[in-house]
Amino acid sequence: MSQATQTSTRRDVLGTSALRPDGVAKVTGQFEFSSDLHAEHMLWGATLRSPHPYARIVNIDLSAAYKISGVEAIITAEDVPGKKTYGLISSDQPVFADQVVRYMGEPIAAVAADHPETCRRALAAIKVDYEILQPVTDAEVALLPNTMPMHPDGNLIRHQRIIAGDQNLQGEVIVEGVYEIGMQDQAFLGLEAALALPDPGGAGVEMWVATQWLHEDRKQIAACLGLPETKVRLTLGGVGGAFGAREDISLQVHCALLALRTSRPIKMQYGREESFFGHVHRHPAKIYIRHHATRTGVLQRIEAKMYFDGGAYASTSSAVLINGVTHIQGPYKCANATVDGYAVRTNNPPCGAMRGFGVVQACYAHESQMDKLAAACNLSPVEIRLINAMQTGDKLITGQVVESVAPVARCIRETDAIAMPAPLAKNADPLELVGGTGLTSLPENIVRGVGWGVSIKNLMYSESFDDFAVARCRLSDGVATLKYATVEVGQGFVVLAPQIARTILGVDEVVLDTVDTGIGSAGSTSASRQTWMSGGAVDGACRLVRQKLFEHVGAKFDIDPMRLVVEDTDIVDMIGDFRISVVEASTGVVIDETFEHHHRPTEELDADGQGNCHVAFAFVAHRAVVDVDVELGLVKVIQIATAQDVGRVLNPVAALGQIEGGIAQGLGLAIMEEIVLDNGKMRNPSFTDYLLPTALDAPKVVAVMIEEPEPQAPLGAKGIGEPPCISVTPAIAAAIRNATGKELPRVPIRPQDICL
Amino acid sequence: MSVGNEIYSLTVNGEHHQVKDAWIGESLLYVLRERLGLPGAKGACEQGECGSCTVIIDGEAVCSCLVMAATAIDSEITTVESLAKKNGLTEVQDAFITEGGVQCGFCTPGLVVAIEHLLNKNPDPSELEIKEAISGNICRCTGYGRIFEAVTTAVATRKAARN
Amino acid sequence: MSVVVPRTLTDALSAMAANPSALLLQGGTDLMVEINFNHRKPVDVIALRRVAELRAVKIDGKTISIGAGLPYQEMETGQIAQLVPALGQAARTVGSPQIRAAGSLGGNLGTCSPAGDGLPVLSALDAMINLRSASASRAVSIHEFMVGVKRNAKMPDEIIVSATMPIVRGWQGYAKVGVRNAMVISVASCCLVVDRAAGTVAVALGAVGPTVIRCRQAEQWLATKVDLKQTATIDAKLAAEFGQRVATEARPIDDHRSTADYRRHAVAKLSGRLLQRSGAQ
């Protein structure tokens, strides 16, 4: 039932394009995703959700549903034995709505039955009487003094200001704008799914679940079940993508509750429509911003007001807000700032983590502003960015000094050096034109545009959070076995971890143990943090094992262990000519070490937004080339050139895959992906109407990886997951502006925004 | 079973399977995954908009989520499970691994089936033919770059094997 | 509950006569979505996928009849694409390759969504829809067949057998606007057919009204401006005015896919472009 342990035997050390150990299972259809799990005598679980964004629950009548043959249990808020609410940062979200629903899709009840269709019929038979309330769906309105709070915690989730330097400075050049970012969905393909097995007598529960962070899930599940954490055991079920949407609890508590109630295994899995309601999204944001600069384009001061719509429950909104306000200066030097940021509760769907986490919104605003500034100062987009490019040692508006390697200017220059794509041929195939097989546009209808985006992104968690990672390495008979709770969502830690072990230990064969809560936390697979954090933990555990192995060899052969090093697959004496293979040296011994990796401590921001709140930063530049049918407002992205500050490339193919994949998601936000809301109601919860980029929408990506090893990072490598999707969105928007001359203050840019 | 009493048989990967006590509304995708022990086809949209559930029916690549299983009784159904032979992976499967076409892997089985189908009909597709052929298979992780690379590699390998 | 998979039209019709409430299933690309999304609960099903007559293509000198179950992929290339180029172009824009292997004109006609890609072509060509019941056959003009949003003139005991359309001498084309470069439901679409022999033009619009819309006033206006029996270059000004006139006949709405204003604008541009393309060849 659990994922098979995975073995790889190639000599693939760090720096090579080692192959994913789960590759064969994934290409043959054998890989077990969470939705593929089964158990004997299992029942199916399903969730009843509110059709209204805001309503009082007057009555719930379960009687008709219970009469349906095959229905085994129905649970509601009153059946939650432990804590009635959960949440990543503040526990404000009910397991089931209790008396009031605050967003469309909020869970009200869950059913266990013998077949998914029986579940659907039972859900349809549950009668809920609502008193419909007027939803508040605008973040600024939600903060008005006469707006009633919709939650006991109030409508303001968090306010943070940043006050830096001269508060009255007026630049020779001032540009301003109001920018809006729509609600994006992570749209991972592998829908939410879990299997729960109850312990006899309801003493505990064992779960296989697709998540980003097993230990955090366990903490929240156990609290809601009213069980000690030790009685809740989680194993990672195969995860089909995450991008932030699996950081919050979705079906976990419901599934466990049904298992305990029925004393039978429960499988739950969402369909696509339910998935849109069942997980958090990227925060829509509205940003009012003013840049002050000298006539020559030197940035002097930023004023900004930022509103992040958190939807009905807090999720990670307060952390998203901090990322937004602290990144609003972009990768540019700026001494003075006046920033106010608000994370706000509304009756829209809850928002939380998505790749880029608050920085995507900030970047769209600051990059749009940099282009305005360039125009006002008669500079090119490249010139304005080079003039202001941040360097290591610069002080941020939070007062924090950038200690990370910061090759911002190099990212820009190397991107600029990438060859432009060939001009559109007069006889181009329709598939190369805007509209593709729709035969919408001919070459004469198309205008080409070029635009830029550059960004800064924090790595790991911030504001004093110690998101440590634990790994264990066991070496015996030439085989290294790695154990950790690091979640693989597709990003490739399963290939990186063996690369680390082979490099450090000189072994060839590395076995990956089951990923579960049977070891300490690895933290979340998010915030571009696992290469640094879990990579650091695996590296640390392997180094401890290597040290023990040296001591063992030293004692056995009477050599000072200090003189021993690993060279390829051998242990050699740096001074003498002693040499022994790692396989031979480790035969008959068992060395088992665990390492806990912590990043350096960070601080919370003070009331004026000052403090060393971030661990480290990564940078990237994007240049977009787009073709626009200006008359119809349609866009095809032709090329994305990018140079990314990666620290060190640990697996070239995997790194390129992260870059290309992130770019596609940023492209989606720029021109097609948006959850359309109408007074709190989601209008497009399906893949017919929530459009994701297809193979014919994917641009040619030309990527340069800038390798300046990061001294703070255990492997010299920075996280690379988030940066690709951040500044590509404003780069595409800028390219469309370049082609059309329109201001385009909002993403996604819709056809009517361009041509009407 | 409370909702269904259909009994029929399906021919999948050359083998006959009895389906009992089924609900009539079950899609082929559901029956393959939940009743026949063939979970290789994946469900991600239930409306033919993602291609993850692609299988071959009577020589055509279709979305199994849009096939009512009980109506496929006289068809030859081929799923991803039948592609790899005892002596190893197909060129397409192998190239997906070596070129980085796999990340989370959820779209992979559907893509592999769609591409095998393409190459069987058109052994030497152009770049645009490849893109159009897989434009119904959504991948959220890779941005498609490594997938195009994988198809190019597979085409070359197959060509070399023919010569 | 039952599933019938008839091999012949006669068998299908008797199955329907025996069970008038049975659900007719062609390619499944619409109905299975409704079932998967819990909007429809089938009890008895008659699956038409094995009825060979419904996949037949019949050509006489003047007309072509396309079986209601013929998958769109069969129309993208080959004889149909040659004889009815607009249908070939429209077929290629339907969904994805997987959808085009299953979806058919019968499905578009049965669902009768104004966004169905095949329908503007049938409208522009004044196609006749051939219906059959156990007791009778009849042919209905496409214009009378499409009654309203997702409503058509098919009687419960009838099967859509085929669509018959003329083989027209003259330029024809289909163009579509969607927010993605592949696999996208039409936000607005347009089919334009020039009949050189008759000296007429026909324009039909998709996704801008409760049903597909024929723009008869714009068609008639154009006939007064250009001799459509001659191959003539269309200047941009004329094309633009034609587009404007086409747009006034559209009846679009705002929804989650687009706005009424944009749709009206889009059909003006699409029809103008198609007209110019017709003159360029």
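Chain letters run A, B, ... following the sequence lines, proteins first, then strands; residues in each count from 1. Owing to the predicted nature of the structure, the values given are computational and were not obtained by experimental measurement.
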For A/Val495, which atoms come within 4.5 Å of any heavy atom of chain B: side chain, backbone, both, or neither?
neither

Top contributor to chain B interface from A/Gly190, A/Gly668, A/Gly271 [non-hydrogen pairs under 4.5 Å]
A/Gly190

If you count the non-hydrogen atoms of other residues, nucleotides and ligands that lie under 6.0 Å from NZ in B/Lys121, is the total more than 12?
yes

Under 4.5 Å heavy-atom distance to chain B, tell me which part of A/Leu656 shows up: side chain, backbone, both or neither.
side chain

Could you verify whether a donor N or O on one side chain and an acceptor N or O on the other, from B/Glu132 and A/Thr437, lie under 3.5 Å apart?
no

B/Asp124 bridged to B/Lys159 by N-O distance under 4.0 Å
yes

Honestly, the part of B/Tyr144 sitting under 4.5 Å from a heavy atom of chain A is side chain

Part of A/Ser275 lying under 4.5 Å from any heavy atom of chain B
neither

Toward chain B, the part of A/Val489 with a non-hydrogen atom under 4.5 Å
backbone

If you count heavy-atom pairs under 4.5 Å with chain B, which of A/Val653, A/Thr28, A/Asp429 comes out on top?
A/Thr28

Honestly, the part of A/Ile663 sitting under 4.5 Å from a heavy atom of chain B is neither

Any idea which of B/Lys42, B/Lys131, B/Glu46, B/Gln93 has the most non-hydrogen atom pairs under 4.5 angstrom with chain A?
B/Gln93

In the structure I gave you, are the side-chain heavy atoms of B/Glu26 and B/Glu6 within less than 4.5 Å of one another anywhere?
no

I'd like to verify something: which residue of B/Ile147, B/Val112, B/Ile138 has the highest number of heavy-atom pairs under 4.5 Å with chain A?
B/Ile138

Using heavy-atom distances under 4.5 Å, tell me whether A/Tyr270 contacts chain B through its side chain, its backbone, both, or neither.
neither

Side-chain touch A/Leu37/A/Met42, heavy atoms, less than 4.5 angstrom:
no

Do B/Arg158 and B/Asn163 have side-chain atoms, one donor and one acceptor, less than 3.5 Å apart?
no

Cation-pi check, A/Lys26 to B/Phe96: give yes when NZ or CZ is under 6.0 Å from the six-membered ring centre and within 45° of the ring axis, no otherwise.
no

Does a side-chain N-to-carboxylate-O contact under 4.0 Å join A/Glu673 and A/Arg282?
no

Can you tell me which of A/Ile659, A/Leu431, A/Val27 forms the most heavy-atom pairs within a distance under 4.5 Å of chain B?
A/Val27

Counting heavy-atom pairs under 4.5 Å with chain A, which one of B/Gly40, B/Pro39, B/Ala44 comes out on top?
B/Ala44

Interchain contact, A/Ala187 with chain B, by part (heavy-atom threshold 4.5 Å)
both

Please look at B/Val80 and chain A and tell me whether the side chain, the backbone, both or neither of the residue comes under 4.5 angstrom of a heavy atom of that chain.
both

Considering only heavy atoms, which portion of B/Glu81 lies under 4.5 Å from any heavy atom of chain A: side chain, backbone, both, or neither?
both

Measure distances from B/Thr98 to the heavy atoms of chain A and classify the residue's part below 4.5 Å as side chain, backbone, both or neither.
both

Flag side-chain contact, heavy atom, 4.5 Å: B/Ile57 against B/Val67
yes

Quick check on the interface: out of B/Cys141, B/Ala84, B/Gly100, B/Pro109, who has the most heavy-atom pairs with chain A under 4.5 Å?
B/Cys141

Which one, A/Gly436, A/Ser686, A/Gly492, leads in non-hydrogen pairs under 4.5 Å with chain B?
A/Ser686

Report the C-alpha separation of B/Glu34 and A/Lys267 in whole Å, then their side-chain angles, then the decisive distance to 0.1 Å, and conclude whether the salt bridge (charged side-chain N to carboxylate O under 4.0 Å, His left out) test is met.
CA-CA 12 Å; B/Glu34 305 296 342; A/Lys267 177 173 177 171; 3.5 Å; yes

When the 4.5 angstrom heavy-atom criterion is applied to B/Leu128 and chain A, the contacting part is both

Quick one: do A/Arg246 and A/Glu192 make a salt bridge, cutoff under 4.0 Å?
no

Per-residue tally against chain B (heavy atom, under 4.5 Å) across A/Ala113, A/Ala25, A/Gly23 peaks at A/Gly23

Would you sort out whether B/Thr11 and B/Glu76 count as a side chain to side chain donor-acceptor pair (under 3.5 Å), showing the intermediate values?
CA-CA 6 Å; B/Thr11 308; B/Glu76 291 288 335; 5.1 Å; no

Check: B/Asn13/B/Thr79 side-chain N/O donor and acceptor closer than 3.5 Å
yes

A/Glu488, part contacting chain B, at a heavy-atom distance under 4.5 Å
neither

When heavy-atom pairs shorter than 4.5 Å are enumerated against chain B, which of A/Ala664, A/Pro693, A/Pro724 gives the highest number?
A/Pro693

So, are A/Arg120 and A/Glu274 salt-bridged, with charged N and O less than 4.0 Å apart?
no

